[in-house]
> 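Below: one structure in structure tokens.
Predicted model, so just to flag it, every value in this text is computed and none were measured. The analysis underlying the following values was restricted to heavy atoms, covering all of them including side chains, and did not include hydrogens, waters or symmetry mates.
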Amino acid sequence: MTTPARVRFAPSPTGRPHVGNIRTAMFNWLLARHTGGSFVLRIEDTDVARKVEGALESILDGLKWLGLDWDEGPEVGGDYGPYFQSQRLKLYREAAERLVAQGDAYYCYCSPERLETMRAEQVRRKEPPGYDRHCRDLSREERAQREAEGITPVVRFKVPLTGQTRFNDLIFGEVVFENSTIDDFVLLKSDGYPTYHLANVVDDSAMKISHVIRAEEWISSTPRHILLYRALGLEPPSFVHHPMILGPDRAKLSKRHGAVSILEYREQGYLPETMFNFLSLIGWSLDDKTEIMTRKELVDNFSLERIGRTGAIFNREKLDWMNGVYLRSLSGDDFTRRAMPFLERGLPPEVKQPLDGDYVGRIMPLVQERARTLAEVAELTDFFFTDQLSYEPGLLIVKKMDRESAVRALEAALRKLEPVASFDHDSLEAVLRPLAVELGLKTGQLFGALRVAVTGRTVAPPLFETMSVLGKERCLARVNKALGILRRM
Ligand code: GLU
């Protein structure tokens, strides 16, 4: 029996939810669900300057969209709250004061100007950046003097000057940092807010987190956290740093690679099922070959051991392929229901809304097989909704035909179609196939010209089904219009 894990996702509300962060949330959620443990959502909102209006809502929105439900946190509460760090300031202050009192931290009065000059000097001398410990050993009098000047200090941690800090990462193994490379980092800022390091350690401990699962970019913070746990007499959790999601150029996935917010993928018409499956397989795998896995299969099979040690690439083609698989697996009704909002948003403005549900229901089966995203559905089907087709007249003249033969073909088609009472697949096929032979054309040529005339494009859903849904009146009108265009050419 595995012990139930208590894990947390700890986003900072600084922007829309990045797919990399969401994947981190997903690994945490999967471990919680796999072990029958708890998934805690904690909002790390202590960086007042970086806080973005609406960011919290969009993070919650992204998590909910993927079904990453949390057992404790905003909206649901829990025994270890509050779950907003901005509401826990007292705890951090107490921890910082305790560390000062026991000699593991100190007040620093350095002005921003002094720190700036120091930094510039370090750059000039090509030294590693970091606080020069100016205030580490101030005497009681020196401190009193600065207090008298009314300077509000920050609290810095007294990092041991020698020795090493090590921890065992469940993915990267033993990680060792030389203490001499860690500067005396700030714990409490002059505005009374804690830094990430202090708040993170205080809360992971107070919230009884068993595993900290986070991206590799935080690994260099972990020795500081270990030092803090030790100084506070607390037991550190297990650490699991996972590689980052990379773009095709193997750089960290960022805006210049395309969409990075999970909500953008929703807007582009990817299904939550797809995103869940796809993201969980970036850097984690069942067996190096299984691609399509349901949420339940992922929960049942998830294990930290199978998270890879190297960064994994966000493969857009694979995402499109997978979304197609999920779209095809939906029932017709479900597909239509999910495509509806994309149609309402994506169709040209002249299309009358609300759309006729029955009509939409007849169109959708024609594209469910071919759409890669729900947003694409509007592009693939707009000619069903609008008669304002705009196409290059030349498209009506199919390979190895000329204007005259195209006119002849469409005129003949009109004559044959006019008496057809019911525009169903079989009746259309019964008149149009023999017509190609009669005209001495390949079916591809005749059908190609007709396809452009009725849809305005060379690639469209199967012709007879398309004509059948469009109906006789619309089809004949469009063929007539095409003839007009050809004659004027
Ligand atoms: N607030 C940090 C973030 O924005 C949390 C990192 C961690 O999980 O410790 O990702």
Side-chain angles (χ1 to χ4, degrees), residues 3 5-10 20-21 23-24 27-28 31 44 95-96 98-99 102-106 108 118-119 122-123 125-133 136-137 155-187 194-205 207-246 250-252 283-284 303-312:
T3 25
R6 257 186 84 77
V7 290
R8 82 319 190 258
F9 175 50
N21 290 337
R23 185 188 58 146
T24 299
F27 284 166
N28 278 285
L31 186 70
E44 303 209 324
R98 223 181 91 201
L99 289 169
Q102 67 193 36
D104 285 311
Y106 59 91
C108 165
M118 177 199 78
R119 237 172 258 131
Q122 286 168 339
V123 171
R125 289 200 233 115
K126 299 202 167 56
E127 285 173 4
Y131 180 60
D132 61 3
R133 305 197 163 99
R136 181 162 164 141
D137 298 307
V155 176
R156 287 184 183 273
F157 188 67
K158 221 181 236 182
V159 176
L161 301 176
T162 57
Q164 297 173 324
T165 298
R166 49 182 77 218
F167 61 95
N168 183 43
D169 187 276
L170 295 190
I171 292 176
F172 287 95
E174 159 120 299
V175 180
V176 184
F177 281 84
E178 294 294 331
N179 291 337
S180 59
T181 63
I182 308 171
D183 80 338
D184 286 356
F185 54 97
V186 174
L187 299 174
T195 56
Y196 157 68
H197 303 299
L198 178 64
N200 201 262
V201 164
V202 166
D203 285 348
D204 282 342
S205 171
M207 295 180 180
K208 301 218 164 34
I209 298 303
S210 64
H211 297 74
V212 166
I213 306 174
R214 63 185 168 205
E216 193 183 348
E217 62 187 329
W218 300 102
I219 210 163
S220 59
S221 295
T222 308
R224 301 171 204 225
H225 299 180
I226 300 278
L227 289 168
L228 274 172
Y229 280 110
R230 222 178 272 154
L232 290 165
L234 302 170
E235 188 61 39
S238 296
F239 287 100
V240 185
H241 291 90
H242 60 75
M244 315 278 286
I245 301 185
L246 309 176
R250 306 202 70 86
K252 180 182 166 186
W284 181 87
S303 72
L304 295 174
E305 289 78 52
R306 290 207 58 87
I307 296 180
R309 274 161 164 259
T310 47

> Are the side chains of Leu227 and Pro160 in touch, meaning some heavy atoms are under 4.5 Å apart?
yes
> Quick check: do Ile219 and Phe167 have side-chain heavy atoms less than 4.5 Å from each other?
yes
> Using a 6.0 Å distance limit plus a 45 degree cone around the ring axis, check whether Arg156 lies over the aromatic ring of Tyr131.
yes
> Atom CG of Leu161 and atom CG of Asn179: how far apart are they, to the nearest 0.5 Å?
8.5 Å
> Judged by atom type as modelled, is there a donor-acceptor pair below 3.5 Å linking the side chain of Arg98 to the main-chain atoms of Leu232?
yes
> Under 3.5 Å, is there a donor-acceptor pair between the side chain of Gln122 and the main chain of Gly130?
yes
> Kindly determine whether Leu99 and Val155 satisfy side-chain contact (heavy atoms from CB on, under 4.5 Å), including the steps that lead there.
CA-CA 9 Å; Leu99 289 169; Val155 176; over 6 Å; no
> Is there a side-chain contact between Leu170 and Ile307 (heavy atoms, below 4.5 Å)?
no
> Quick one: does any side-chain atom of Asp169 pair with a main-chain N or O of His241 as donor and acceptor, under 3.5 Å?
yes
> Can you tell me how far CZ of Phe27 sits from NE2 of His242, rounded to the nearest 0.5 angstrom?
6.0 Å
> Please examine the side chains of Pro237 and Phe239, heavy atoms only from C-beta on, and report whether any two atoms are closer than 4.5 Å.
yes
> Less than 4.5 Å apart, any side-chain heavy atom of Asn200 and any of Val212?
no
> Whether the side chain of Arg8 engages the backbone of Asp204 through a donor-acceptor N/O pair (distance < 3.5 Å, no angle test) should be reported.
no
> Ignoring hydrogens and angles, tell me if any N or O in the side chain of Gln102 forms a donor-acceptor pair with the backbone of Ala231 under 3.5 Å.
yes
> Between Ile226 and Phe177, is any pair of side-chain heavy atoms under 4.5 Å apart?
no
> Under the criterion salt bridge (Lys or Arg N to Asp or Glu O under 4.0 Å), which of Lys158, Arg133, Arg224 is the partner of Asp184?
Arg133
> Just by distance, do the side chain of Trp284 and the backbone of Leu304 share a donor-acceptor pair under 3.5 Å?
no
> Cut-off 3.5 Å, side chains only: do Thr222 and Arg214 have a donor facing an acceptor?
yes
